[in-house]
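All remarks here apply to the structure that follows.
Just so it is clear, the structure is predicted and the values come from calculations on it, not from any experiment. Excluded from the calculations below are hydrogen atoms, water molecules and symmetry mates; all remaining heavy atoms, backbone and side chain alike, are included. Counting starts at 1 for both ligands and their atoms, following the listed order.
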Amino acid sequence: MHCRLIGIPLQDGASRLGCEMGPSALRVAGIRTALEDLGHEVTDIGNVAIDDVPDVHHPNPALRNLPQIVAWTQLLSEVAYHESSKGMPIFLGGDHALSAGTVPGVARRAAELGRPLFVLWLDAHTDFHSLDTTTSGNLHGLPVAYYTGRAGFDGYFPPLSHPVDPANLCMIGIRSVDPAERKAIKQTGVTVHDMRTIDEHGVAVLLRRFLEQVEAANGLLHVSLDVDFLDPAIAPAVGTTVPGGATFREAHLVMEMLHDSCLVSSLDLVELNPFLDERGRTATLLVDLTASLMGRTVMDRPTRSY
Ligand SMILES: [Mn+2]
């Protein structure tokens, strides 16, 4: 596999500063070497950056950094579209607002290939606010609503050429949902597996069902991994920790099953805030999880102790 590493030092969508350092931390933690050791060819295109921001205003006074996020969305949609023709893009975030660009970009690529795009959203949150419903105003809470074509983004965010069908979206790890999001997401066909569902059935059963759906449709699969999918005890470097997240083995199992499926065509690694990390352990875990997704097995995993 040819992997394309794309650094996205975006932190304007989060309430805390620090995600800007995410791409550097993932590089320092050895993401390139981890992939090369598995036999993949790796091109690191470096970090991308916005220059001009549009003059855009919205009546919701809570919104923070809307012009910057609109500019990032526009840029990342183009970058994702172009990079996905050269290999498998791995987007090194940056906060989760970046998915408002990466997902539409790979959706456009999938449409050109005549294949449906599926999205696996590994996150504590549904990120399904609209510009009108968010009260925190942090735009990393909106990308799913935008890329699935929820109303209220017209005239503010770039028009979507290929919205993702909500029926093609599966969320795993959910445990913090605002009332406005809950109401909106219930009206869609999005599959939401909260932590209780994982406790009752096991993550493997839930994921297998989704992967079968992707395979049957000959789909491409974009995976979006938010650090807060993981339990804060193993992944402290995130500004939005929620107790009761995925364990170390649950997370690796998800990645190993994704590798076995051969369906994953692009990946977001988001919300890593190195300022909140403990001696790089969260960055290292994200690199290890990426390695599992790209083919590392239990038998060749390096032994690490904390
Ligand atoms: Mn998120």
Side-chain angles (χ1 to χ4, degrees), residues 8-20 22-23 26 63-65 69 72-73 76 80 90-104 106 119-131 133-148 150 153 157 164 166 169-178 180-182 184-185 188 190-195 198 222-232 234-246 250-251 254 266-274 276 282-283 285-286 289-290:
I8 306 172
L10 160 61
Q11 61 185 356
D12 292 333
S15 58
R16 298 193 64 153
L17 299 180
C19 288
E20 186 183 54
L26 291 164
L63 298 182
R64 301 175 63 248
N65 305 321
I69 298 300
W72 277 106
T73 302
L76 294 174
I90 300 179
F91 302 100
L92 313 177
D95 72 62
H96 222 162
L98 67 85
S99 301
T102 60
V103 174
V106 297
V119 176
L120 178 63
W121 196 257
L122 301 170
D123 200 325
H125 309 91
T126 54
D127 296 347
F128 204 70
H129 271 296
S130 71
L131 290 166
T133 64
T134 175
T135 51
S136 74
N138 299 322
L139 296 180
H140 66 171
L142 282 71
V144 180
Y146 169 65
Y147 72 64
T148 55
R150 190 177 170 192
F153 290 91
F157 273 55
V164 175
L169 171 56
C170 177
M171 298 183 165
I172 296 185
I174 304 301
R175 56 197 188 281
S176 172
V177 187
D178 291 339
E181 290 180 290
R182 189 176 304 126
I185 212 158
T188 71
V190 176
T191 302
V192 179
H193 295 310
D194 59 16
M195 287 310 299
I198 296 177
H222 177 86
V223 175
S224 200
L225 172 60
D226 188 317
V227 173
D228 69 26
F229 167 68
L230 306 161
D231 193 89
I234 56 166
V238 61
T240 51
T241 49
V242 189
E250 280 169 337
V254 167
S266 47
L267 172 68
D268 301 327
L269 300 172
V270 304
E271 294 288 340
L272 175 66
N273 185 336
L276 305 174
T282 311
L285 177 56
L286 281 190
L289 288 171
T290 305

Is any side-chain heavy atom of M171 closer than 4.5 Å to a side-chain heavy atom of D127?
-> no
Any N/O/S atom, backbone or side chain, of H96 lying under 2.8 Å from the Mn ion (ligand 1)?
-> yes
N/O/S of D127 less than 2.8 Å from the Mn ion (ligand 1)?
-> yes
Looking just at side-chain N and O atoms, do H222 and D268 make a donor-acceptor pair shorter than 3.5 Å?
-> yes
Atom name of the N, O or S atom of D226 nearest to the Mn ion (ligand 1) is OD2
Is the distance from the Mn ion (ligand 1) to some N, O or S atom of D123 under 2.8 Å?
-> yes
So, the side chain of D231 versus the backbone of G244: is there a donor-acceptor pair under 3.5 Å, distance only?
-> yes
Indicate yes or no for a side-chain donor-acceptor contact from D95 to the backbone of A97 under 3.5 Å, with no hydrogens or angles considered.
-> yes
